[in-house]
Amino acid sequence: MNEHLTPGDGPARNFVRLEPIAEKLDVRSLVIALHSPMDAGAAAQIVAEHLTGSLQHDRVATFDQDEVTDFHRHRPTIVYQDGQFTDLHPSELAIDLVRDDEGSELLLLHGQEPDLRWNRFTETVLALAERFGVDRTFVLQGFPTGVPHTRPVQITSHASRPELRTEDEGIMGTLQFPAQASNVLELAFGQAGTDTVGYSAAIPHYLAHHPYPAAAAALVRRLAHAADFALPVGELDAAAARFEAELAGVVGEEAAAHVAALETQFDALREAQPQLFSADEPGGRDMQIPTAEEIGAAAEAFLADLGDLGEPGSEPGDEPRVSGS
């Protein structure tokens, strides 16, 4: 029989449903890859779909959509066929037990980030992680910035302790912007004393709203190296090659000139400070983004686009506060 967990106070209904497999779990690693409008290039979403689509996995826990979803914002898909409605496909927010190509286990928190009850959601995820024996957490996401799609995807790291980061210092300075649920979890795990590392893939700002498989491939490689997992990446590389080929066929002269300018800037920085860039092999160094101001400007543009599309954070006057130091 499935077990229901309702931590703390609140409605009497069930918040998360645990499967029988949850009773005997002892898994060291939790990977957080939530789909969010703030996840540029849908990088985390692609990673989650790739891992669950290519590796053996079992459902461990499922969050009640009535508790965490605003259905006016994220409507389920309904199927109509031959005069009748035949099926309903709501979004999911779940934890799966995933086995890599060598049988090593990890827990994957994936699906649409919650619209509601973030505090309760965070408390529940931390409680489940403690119950399942998790002692390290990895958070994956994409962020928009001024890089060209014709160069290797760069990854920057952030962590609950400085020594958990790679040799570079990551993005230095101070940024303030609307949080993703994955950011909140990364903070909460760190404050709880769990070693937590986040990997953010730099997405060309002009592709922030498009699925970007090259970023997902870079994130999978970095995760595999950092956590010593055997994770497949070939399908993502193939998808990235197809995407780049298709993009080359539709880029106009004005866009091509913009990309060329970004290439020049990217190559000049790499030549001047090669230590800041990822090596060609998996697990190379991260890229230190030059300034917080540049990241802030890209984030402002990305969030402004989200507001234009009616996504979260689009209320008049609700603009991100971005500061650099």
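The ring-ring contact (aromatic ring centres under 6.0 Å, His included) check on F189 picks up nothing, with sequence neighbours excluded. Under the side-chain contact (heavy atoms from CB on, under 4.5 Å) criterion, A42 pairs with Q45, I46, not counting sequence neighbours.
One finds the CG atom of L126 at 7.0 Å from the CG atom of L185 (value rounded to the nearest 0.5 Å). Rounding to the nearest 0.5 angstrom, the gap separating the CG atom in L108 from the OG atom in S29 is 11.5 Å. With rounding to the nearest 0.5 Å, the separation of CD1 in I21 from CG in L97 is 5.0 Å. With values rounded to the nearest 0.5 angstrom, L51 atom CG is found 7.5 Å from L223 atom CG. To the nearest 0.5 Å, the span separating OG on S54 from CG on D101 amounts to 7.5 Å. Taken from OG1 in T69 to NE2 in H74, the straight-line distance is 8.0 Å, to the nearest 0.5 Å.
L175 and V184 fall into different hydrophobic clusters, defined by Ile, Leu, Val, Met, Phe, Trp and Tyr side-chain heavy atoms under 4.5 Å apart, directly or through other members. Linking Ile, Leu, Val, Met, Phe, Trp and Tyr residues whenever their side-chain heavy atoms come within less than 4.5 Å places V233 and V31 in a single cluster. Both L25 and L30 are assigned to one and the same hydrophobic cluster, defined by single-linkage of ILVMFWY side chains at heavy-atom distances under 4.5 Å. Under a hydrophobic clustering in which Ile, Leu, Val, Met, Phe, Trp and Tyr are joined whenever their side-chain heavy atoms come within less than 4.5 Å, directly or via other members, V125 and V27 fall into the same cluster. Cluster annotation: F243 and V220 are assigned to the same hydrophobic cluster (Ile/Leu/Val/Met/Phe/Trp/Tyr, side-chain heavy-atom contacts under 4.5 Å, transitive).
Annotation: side chain of L106 is not in contact with side chain of F138 (no heavy-atom distance under 4.5 Å). Looking at heavy atoms from C-beta onward, L55 lies out of side-chain contact with F229 at the 4.5 angstrom threshold. F121 has its side chain out of reach of V16: every pair of non-hydrogen atoms, C-beta onward, lies at least 4.5 Å apart. Side-chain contact check for L109 versus L107: every heavy-atom pair is 4.5 Å or farther apart. The side-chain heavy atoms of F63 and T124, taken from C-beta on, include a pair separated by under 4.5 Å. The shortest side-chain heavy-atom distance between E92 and R59 falls under the 4.5 Å cut-off. Under the 4.5 Å side-chain criterion, counting only non-hydrogen atoms from C-beta, Q112 is not in contact with L93. Within the 4.5 Å cutoff, side-chain heavy atoms of H50 are placed close to those of P232.
Distance alone, capped at 3.5 Å, is enough to place a donor-acceptor pair between the S160 side chain and the T196 backbone. The closest donor-acceptor contact from the side chain of Q154 to the backbone of P152 lies under 3.5 Å. Listed for the E113 side chain is a donor-acceptor partner under 3.5 Å among the backbone atoms of A181. The backbone N or O of V98 lies less than 3.5 Å from no partner atom in the side chain of D96, so there is not a single donor-acceptor pair. For the pair D39 (side chain) and G142 (backbone), a donor-acceptor distance under 3.5 Å is present.
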Just do the side chain to side chain contact (heavy atoms under 4.5 Å, CB included) check on R131 and E23 with the steps written out, would you?
-> CA-CA 9 Å; R131 172 175 178 165; E23 285 297 323; 3.2 Å; yes
Start with the C-alpha distance between L219 and V153, add both sets of side-chain angles, then the distance that settles side chain to side chain contact (heavy atoms under 4.5 Å, CB included), and finish with yes or no.
-> CA-CA 9 Å; L219 287 171; V153 175; over 6 Å; no
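Residues D87 and Q81 have side chains that never bring a donor and an acceptor to within less than 3.5 angstrom of each other.
For T145 against A202, the heavy-atom pair with the smallest separation is CG2-CB, 3.7 Å. F132 and A22 get closest at one heavy-atom pair: CE2-O, 3.6 Å. Here the shortest heavy-atom pairing between A215 and A201 reads CB-CB, 3.8 Å. Taking both residues in full, the closest heavy atoms of A33 and A44 are given as CB-O, 3.6 Å, listed atom of the first, atom of the second, then distance. Between H158 and S200 the shortest heavy-atom distance is NE2-OG, 2.7 Å.
A salt bridge links D237 and R221; the closest N-O separation between the charged side-chain nitrogens and carboxylate oxygens is under 4.0 Å. We find that R17 and E19 are joined by a salt bridge, their nearest charged nitrogen and carboxylate oxygen being less than 4.0 Å apart.
Listed by first and then second residue, the ring pair (Phe, Tyr, Trp, His ring centres under 6.0 Å) pairs involving residues 77-115 are Y80-F85 (not counting sequence neighbours).
Both the sub-6.0 Å distance and the 45° axial angle are not jointly satisfied by R117 relative to the ring of F15.
Tested against E186, the residues I32, T137, V139 include a single side chain to side chain contact (heavy atoms under 4.5 Å, CB included) partner, V139.
Taking a 6.0 Å sphere around CG of D228, one finds it holds 12 or fewer heavy atoms contributed by other residues, nucleotides or ligands.
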